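Bear in mind the structure is a predicted one, so any value in this text is a computation, not a measurement. Whatever order the structure lists ligands and atoms in, that order sets their numbers, starting from 1.
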Amino acid sequence: MALMQRKLWKQASLEEIKDFIIEEYKKQSENPCPVDKMRVFTDSTRRTSCGECVICREGILQLNLVAEAISQGKGRDGDIEVLTEISEDLIIGSCCSYGKEVGKITKEIIEEGIEEFEKHIKRKRCDALVCKKFFSYYVAPEKCNGCNKCKEECPQKAIGGDKDLIHIIDSSVCDRCGKCTIICKKAAIQKAGTVVPKLPQEPVPVGTFKAEPQNGGGLMAGRRRRRS
Ligand code: SF4
Ligand code: SF4
Ligand code: SF4
């Protein structure tokens with residue numbers, strides 16, 4: 001939104017500002033990842049700040065950039081402190097209640113989700129499997145019926161397979177757009193975090209793949225076993 005067209009929040013009542021900010025925040029109420037919540041909330045509120053004072057204009061932008069970096073696996077030590085400081089600066093230094101209310105909510109997101117922020121930064125993990133950098137999609141072999149719809153739908157051509165074959169997804173090509181998960185009526189396309197189940201290396205006829213758990217398949221695939 002161009003600056004000239006933006007609402008001048010200084011002229012609005014506190015109730016009007018609060019209602020607006022809370023509505024924006026509520027859009028994220030179902031989002032289980034606090035980092036992504038911060039990223040999306042600051043992206044929308046930075047666009048509707050009137051931009052008149054630096055702390056609100058730049059502060060919300062910086063919150064958004066730091067949250068975006070964390071969600072991309074580029075989080076650094078000290079990022080949580082930076083996010084907290086900026087939130088407090090917004091509360092104290094904003095010219096009107098808009099920046100102050102945004103700061104209160106971002107501070108709350110950090111405080112409530114601090115463990116998840118730390119996991120994203122230090123362990124490069126998103127337990128809710130929301131941040132695209134931290135999960136991959138795979139086709140659950142036992143659910144796939146080889147209908148080929150996901151392959152036709154995929155804009156990245158990341159899916160291999162053909163009619164009546166168990167399809168496979170190339171994670172290095174997939175951009176996690178999620179379109180295949182919507183088209184698949186068998187709910188065969190699922191998310192995996194750090195542990196990916198054993199999967200076929202290439203498309204094989206539907207019904208022929210066995211996970212072979214005794215050979216390291218299933219959820220333990222790829223993990224080194226402890227010896228007694
Ligand atoms: S805090 Fe400043 S920049 Fe933000 S909406 Fe109010 S007047 Fe505009
Ligand atoms: S993953 Fe789903 S959409 Fe793709 S071939 Fe298998 S059943 Fe069909
Ligand atoms: S998430 Fe998107 S890019 Fe990845 S396999 Fe599915 S449709 Fe293709």
Exercise for review: Dump the intermediate steps for side-chain hydrogen bond (donor to acceptor under 3.5 Å, both in side chains) on Thr45 and Tyr98, then the final yes or no.
Suggested key: CA-CA 9 Å; Thr45 49; Tyr98 182 95; 4.8 Å; no
What atoms of ligand 1 come within less than 4.0 Å of a heavy atom belonging to [X]?
X     : result
Gly99 : 1 (S)
Lys10 : 7 (S)
Ser94 : 1 (S)
Gly51 : 3 (S), 8 (Fe)
Ser49 : 3 (S), 4 (Fe)
Glu52 : 3 (S), 8 (Fe)
Cys53 : 1 (S), 2 (Fe), 3 (S)
Tyr98 : 5 (S)

Using 4.0 Å as the upper bound for N to carboxylate O, is an ion pair formed by [Y] and [X]?
X      : Y      : answer
Glu23  : Lys27  : no
Glu52  : Lys10  : yes
Glu16  : Lys7   : yes
Asp43  : Arg47  : yes
Glu153 : Lys179 : no
Glu15  : Lys18  : no

Tell me, which protein residue and heavy-atom name are nearest [atom], and how many Å apart are they?
atom                    : value
atom 4 (Fe) of ligand 3 : Cys174 SG, 2.3 Å
atom 2 (Fe) of ligand 2 : Cys184 SG, 2.3 Å
atom 6 (Fe) of ligand 3 : Cys180 SG, 2.3 Å
atom 3 (S) of ligand 3  : Asp175 OD1, 3.3 Å

Review point. Going by the atom numbers of ligand 2, which of them fall below 4.0 Å from some non-hydrogen atom of Val139?
Key: 1 (S)
Revision key, fill the gap. One finds that the ligand 2 atoms under 4.0 Å from a non-hydrogen atom of His167 are 5 (S)
Review point. Just by distance, with hydrogens left out, do Gln190 and Tyr138 show a side-chain donor and acceptor under 3.5 Å apart?
Key: yes
Could you list which atoms of ligand 3 come closer than 4.0 Å to a heavy atom of [X]?
X      : result
Gln156 : 3 (S)
Cys177 : 1 (S), 2 (Fe), 3 (S), 7 (S)
Gly178 : 1 (S), 2 (Fe)
Tyr137 : 1 (S)
Cys154 : 3 (S), 5 (S), 7 (S), 8 (Fe)
Ile159 : 5 (S)

Point to revise | Heavy-atom donor-acceptor pair, Lys149 side chain to Cys184 backbone, under 3.5 Å | key: no
Check your understanding: So, does Lys124 use its side chain to make a donor-acceptor pair with the main chain of Gly73 at under 3.5 Å?
Key -> yes
Exercise for review: With rounding to the nearest 0.5 Å, note down the distance linking CD1 in Ile110 to CD1 in Ile80.
Suggested key: 8.0 Å
**Study point:** Trace of the side-chain hydrogen bond (donor to acceptor under 3.5 Å, both in side chains) decision for Glu24 with Ser44
**Key:** CA-CA 7 Å; Glu24 285 303 306; Ser44 65; 3.0 Å; yes
Review point. Got a sec: is Cys150 within less than 2.8 Å of atom 4 (Fe) of ligand 2 via an N/O/S atom?
Key: yes
Review point. At the 4.0 Å heavy-atom cut-off, does Asn145 count as touching ligand 2?
Key: yes
Check your understanding: Quick one: which of Lys104, Lys107, Lys100 gives a salt bridge (Lys or Arg N to Asp or Glu O under 4.0 Å) with Glu88?
Key -> Lys107
Check your understanding: Is atom 6 (Fe) of ligand 1 less than 2.8 Å from at least one N/O/S atom of Cys50?
Key -> no
Practice item. Answer yes or no for Cys147: is there an N/O/S atom below the 2.8 Å cut-off from atom 8 (Fe) of ligand 2? Key: yes
Practice item. Classify the contact between Asn148 and ligand 2 as side chain, backbone, both or neither, using a heavy-atom distance cut-off of under 4.0 Å. Key: backbone
Check your understanding: Angle class for the Phe134/His120 ring planes (parallel below 30°, perpendicular above 60°, tilted otherwise)?
Key -> perpendicular
Check your understanding: Under 30°, 30 to 60°, or over 60°: which ring-plane class applies to Tyr25 and Phe41, parallel, tilted or perpendicular?
Key -> perpendicular
